[in-house]
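So the structure is just underneath, and the comments pick up after that.
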Amino acid sequence: MKEYKVIVGNSTVDLEQKINNHLKMNWQLQGGISITYNRGGGSAEVYYAQAIVK
């Protein structure tokens, strides 16, 4: 059975570190990176996400 996981980071460096750790554990990238902005409440948070499978 395949496993599916979404890795989320609050910077590109954070996301890269998390993805690289999972790649070392034989996870594989699935599709491309998604970027979303949370502009509510006066903030401008950015989130980066990457789906992975094993």
Side-chain angles (χ1 to χ4, degrees):
M1 184 174 119
K2 280 198 169 193
E3 294 180 60
Y4 179 88
K5 185 185 269 193
V6 177
I7 305 296
V8 178
N10 52 11
S11 72
T12 55
V13 172
D14 182 40
L15 183 64
E16 287 172 6
Q17 290 172 344
K18 290 176 180 178
I19 290 172
N20 283 328
N21 288 337
H22 281 79
L23 291 175
K24 290 175 187 173
M25 295 183 287
N26 296 319
W27 287 86
Q28 297 177 351
L29 302 175
Q30 180 70 39
I33 295 173
S34 295
I35 303 169
T36 187
Y37 300 91
N38 179 10
R39 295 185 182 174
S43 70
E45 297 170 322
V46 179
Y47 296 97
Y48 303 87
Q50 171 68 56
I52 56 175
V53 293
K54 185 175 184 183

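Screening Asn38, Asn10, Thr36 for a side-chain contact (heavy atoms from CB on, under 4.5 Å) with Glu45, the sole residue that qualifies is Asn38.
Residue Leu15 is not grouped with residue Val6 when hydrophobic side chains (ILVMFWY) are merged at heavy-atom distances under 4.5 angstrom, including chains of intermediate members. Linking Ile, Leu, Val, Met, Phe, Trp and Tyr whenever their side-chain heavy atoms come within less than 4.5 Å puts Tyr48 and Ile19 in one cluster. Cluster membership for Ile7 and Val13, using ILVMFWY side-chain heavy atoms within less than 4.5 angstrom, is not shared.
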Can you give me every donor-acceptor pair (side chain of residues 25-35, partner residue at least two apart or in another chain, under 3.5 Å) with its distance?
none

Starting from the C-alpha separation in whole Å, work towards a yes-or-no answer on side-chain contact (heavy atoms from CB on, under 4.5 Å) for Leu23 and Asn20. CA-CA 5 Å; Leu23 291 175; Asn20 283 328; 4.0 Å; yes
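Rounded to the nearest 0.5 Å, atoms OG1 (Thr12) and CD (Glu16) are 5.5 Å apart.
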